[in-house]
Amino acid sequence: VQIIERNNNFIVKDKGKWGLLDSKLNTLLKCIYDHELIESEGMIAICKNSKWGFIKLDWISEKKNYKSTEIIACQYDAVGKFIDGLAMVKQNGLFGYIDKKGTIIIPIEYEDCHDERRDKGTQTLVLKKDGRWKYTDLKGFQTLPLCLGNDELFEFHNQHAIIRNK
């Protein structure tokens, strides 16, 4: 048994499957998931049969217990944490972004992505399509091309791109 403390809860791995306990070691989610659970903005990323989705835990006061509700079905090859209500998803080798209801906000059509929102609260994503990178500003969904053809985006930090020539 492996136990990881996170946000006053315990993520548990038992017999190769992952689950969640509260601070008093009561079971919130049974150990039935394929990968370690990822919590963000009130949502929990889960993986079943190698596909990712999201659930939410709601407190039921009359039962004095939590109830889990699947919000977004396990259908993605990979997911990221929610930041400002959006999470990266990967499906069939392509990337996009969904909201907390599972609505696709940025189409799942990009070859790669870098999420600038993790860096100092910006609202910028950097997306690659047809071998070319572009900025997407989530505030107004404006896009600016980076004009990168065969160059590789090596690193993106604080709204600055470091380019490596191929």
Side-chain angles (χ1 to χ4, degrees), residues 4 6-7 11 13 16-20 28-30 32-58 67-166:
I4 302 168
R6 194 170 294 145
N7 299 330
I11 298 172
K13 183 178 184 183
K17 297 290 183 176
W18 294 86
L20 184 67
L28 298 176
L29 297 171
K30 294 179 181 177
I32 60 171
Y33 301 103
D34 297 341
H35 291 280
E36 181 179 335
L37 308 175
I38 303 168
E39 297 178 78
S40 61
E41 293 188 4
M43 303 286 277
I44 301 173
I46 56 166
C47 183
K48 285 185 185 178
N49 301 317
S50 299
K51 294 292 184 183
W52 289 86
F54 289 91
I55 62 172
K56 186 173 181 175
L57 289 177
D58 293 308
K67 176 187 175 202
S68 65
T69 305
E70 183 179 90
I71 304 296
I72 300 165
C74 294
Q75 59 186 312
Y76 298 107
D77 302 324
V79 297
K81 291 183 175 185
F82 277 97
I83 301 174
D84 298 327
L86 294 181
M88 178 279 302
V89 294
K90 182 179 181 183
Q91 191 171 48
N92 301 320
L94 298 175
F95 297 88
Y97 284 80
I98 61 171
D99 66 13
K100 289 184 179 183
K101 295 178 183 175
T103 304
I104 296 171
I105 302 300
I106 296 178
I108 303 171
E109 59 185 26
Y110 295 94
E111 301 156 21
D112 201 353
C113 65
H114 292 274
D115 196 335
E116 256 307 85
R117 297 174 304 149
R118 298 180 199 287
D119 188 14
K120 298 184 179 182
T122 67
Q123 290 290 310
T124 305
L125 301 175
V126 185
L127 305 165
K128 183 180 184 182
K129 184 176 180 182
D130 299 327
R132 300 185 85 64
W133 291 93
K134 70 176 182 177
Y135 289 104
T136 299
D137 179 352
L138 293 176
K139 291 179 183 173
F141 295 100
Q142 301 168 344
T143 60
L144 298 170
L146 283 175
C147 300
L148 300 177
N150 292 326
D151 295 333
E152 181 178 332
L153 183 63
F154 178 66
E155 183 179 344
F156 199 91
H157 181 71
N158 198 21
Q159 295 186 322
H160 293 86
I162 299 172
I163 309 302
R164 178 180 3 186
N165 292 324
K166 287 188 177 179

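Reckoned from all heavy atoms, side chains included, excluding hydrogens, waters and symmetry mates.
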Q) So do Tyr97 and Leu127 actually touch side chain to side chain, heavy atoms under 4.5 Å? A) yes
Rounding to 0.5 Å, atoms CZ (Phe54) and CE (Met43) come to a distance of 6.5 Å
d(Ile108 CD1, Leu94 CG) to nearest 0.5 Å is 8.5 Å
Sorted by chain and number, sequence neighbours left out, side-chain contact (heavy atoms from CB on, under 4.5 Å) with Ile38 holds for Ala45, Trp52, Lys81
Quiz: residues 67-77 side-chain donor-acceptor pairs under 3.5 angstrom, not counting sequence neighbours:
unit_1: Asp77; atom_1: OD1; unit_2: Lys51; atom_2: NZ; d: 2.5
unit_1: Asp77; atom_1: OD2; unit_2: Asn92; atom_2: N; d: 2.8

Beyond-backbone contact of Ile55 with Tyr33, side-chain heavy atoms, under 4.5 angstrom = yes
Residue set satisfying ring pair (Phe, Tyr, Trp, His ring centres under 6.0 Å) with Phe95, at least two apart, ordered chain then number -> none
The side-chain hydrogen bond (donor to acceptor under 3.5 Å, both in side chains) partners of Tyr110 (sequence neighbours excluded) come to Lys134
dist Trp18:CH2 -> Ile4:CD1 (nearest 0.5 Å) comes out at 4.0 Å
Applying salt bridge (charged side-chain N to carboxylate O under 4.0 Å, His left out) to Glu111 and not counting sequence neighbours gives none
ask   = Given the rule in the side-chain contact (heavy atoms from CB on, under 4.5 Å) test, do Val89 and Ile104 qualify, once you have shown the distances and angles that lead to the verdict?
value = CA-CA 9 Å; Val89 294; Ile104 296 171; over 6 Å; no
Shortest non-hydrogen pair, Ile11 vs Leu37, comes out as CD1-O, 3.5 Å
When rounded to the nearest 0.5 Å, the distance separating NZ of Lys17 from NE2 of His35 is 9.0 Å
Applied to residues 37-48, the salt bridge (Lys or Arg N to Asp or Glu O under 4.0 Å) test, sequence neighbours excluded, yields Glu41-Lys100
Is a donor on one side and an acceptor on the other found under 3.5 Å between the side chain of Asp34 and the backbone of Ser50?
yes
So CG of Leu125 and CD1 of Ile106: to nearest 0.5 Å the spacing works out to 4.5 Å
